[in-house]
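Notes for the one structure printed next.
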Protein chains: 2
Amino acid sequence: MLAAARRLFASRDPRAVTMDDIAREAGVGRGTLYRRYPDTVSIAVALLDAHERELQEKLLHGEPPLGPGAAPAERMAAFYTAMVELLDQHIDLVLGAEVGDARFTGGAYGFWRVHVRSLLVEADLADPDALVDILLAPLAPEAFRFQKETRHLGPDRITSALHLLARGVFR
Amino acid sequence: MLAAARRLFASRDPRAVTMDDIAREAGVGRGTLYRRYPDTVSIAVALLDAHERELQEKLLHGEPPLGPGAAPAERMAAFYTAMVELLDQHIDLVLGAEVGDARFTGGAYGFWRVHVRSLLVEADLADPDALVDILLAPLAPEAFRFQKETRHLGPDRITSALHLLARGVFR
DNA sequence: GTCATAAGTGGACGCACCGTCCAGTTAATT
DNA sequence: AATTAACTGGACGGTGCGTCCACTTATGAC
């Protein structure tokens, strides 16, 4: 069922994938699908979960500069690099998982938020609570998709620009 | 009809307002509504248009620091201030107008993009094409709404944080 | 091995919204 | 007054949603 969903998310606009589509592709009835997942968002989240946990683990206990030990500015830049990589590899799943408000209500955003906020606090910057969501905004999947698909920017250029941002904010 | 739509956008989640709702509230049939507007997005855009044009005019021919004459960093900060004000006053309309991809395909985003890009060029910063969308990302209505409604941040704090961003990027 | 109970399955159902279409009405023109 | 044009509002078919339930399959007791 998850494999069927992954195929569909990859093969067309993830936001247009319906529960019927997934059920049909998986060869099961709608009721069976609904028994396990309440909507397409939670299916995309389930598919994305492993990758997000992996990054979260590296942020908490990995090597610097992603993990603890490096200066906040370095860690922020490394975080941007890792997030762009994750977005680039799984943009279809992230688009499926973070449609509309789901981006903010899902657990992953909370994790990124706590992490970046702690970096801001460590760097002793003014009003981390206001800055944190601003620094995370460029990682919104819709924004990334626009840069990638419409503006034809590669992950490297996006990452470089984000590094400029990180360097600018973290004096 | 526009008045009815404005009432509805203001009174509930703008993304949940349907064409039937607006037609009923306006006291006309669905067909009549569709004759003038193809979807709810274009209705929200029509309501927002006047306010956006006003700001665009100020950017092009107004007094500095919003208009021409001030340093790019100053103009960027002023632009952030004005955009936060616009978002704060009309968040319901912007949410209705920029749902999903509409944010990027609508004409307004293109205008903001050209403006900010020209400031980046004037300041001689690296890769304006990559930076511009990153600097505009925090102005996405979903992000602003999250900061305002969920994080309970006032426009002043958001503006200050954005100024920090502008100052950081524009050396 | 048989039977009762539980867990699981898949499609049918009613609902909401979409976008189109058209018969009827109203206004404009000569 | 008559002809034409423009407008109106609801009916229609289509799609996706989420629930519900008759049926099948697995589990465990005797």
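Values below: every heavy atom of this structure, side chains too, minus hydrogens, waters and symmetry copies. Bear in mind that the values here come from a model prediction, so they are computed numbers and not experimental data. Chain A is the first sequence line, chain B the second, and so forth, proteins listed ahead of strands; every chain is numbered from 1.
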OP1 or OP2 of dG8(C) sitting under 4.0 Å from any side-chain N/O of T32(A)? no

Rounded interatomic separation in angstrom, taking CD1 from I22(A) and C1' from dG10(C): 16 Å

For Y37(B) and dG19(C), give me the distance from atom OH to atom C1', rounded to whole Å. 18 Å

Distance, rounded to the nearest Å, where L33(B) contributes CG and dT20(C) contributes C1': 14 Å

Whole-Å distance separating the CZ atom of R15(B) from the P atom of dA16(C): 21 Å

Around Q89(B), counting heavy atoms of other residues, nucleotides and ligands shown, do more than 12 lie under 6.0 Å from its CD? yes

How close or far is atom P of dG10(D) from atom CZ of R35(B), stated in whole angstroms? 16 Å

Which whole-number value in Å describes the distance from D21(B) CG to dC15(C) C1'? 15 Å

Within a 6.0 Å radius of atom CD on E57(A), are there more than 12 heavy atoms belonging to other residues, nucleotides or ligands? yes

Please compare G31(A) and V17(A) by the position of their nearest nucleotide in DNA chain D and report the one closer to 5'. V17(A)

Specify whether F104(A) and F146(B) have parallel, tilted or perpendicular ring planes, treating 30° as the upper limit for parallel and 60° as the lower limit for perpendicular. parallel

Taking atom CZ as the centre, does R53(B) end up with more than 12 heavy-atom neighbours from other residues, nucleotides or ligands that are less than 6.0 angstrom away? no

From dT9(C), dC17(D), dC17(C), pick the nucleotide closest to the side chain of M19(A)? dC17(D)

From CZ of R30(A) over to P of dC21(D), roughly how many Å is that when rounded to an integer? 16 Å

Tell me: CZ of R36(B) to P of dG9(D), nearest whole Å? 9 Å

I want to verify a distance call: between dG10(C), dG16(D), dG18(D), whose nearest atom is closest to the T18(A) side chain? dG16(D)

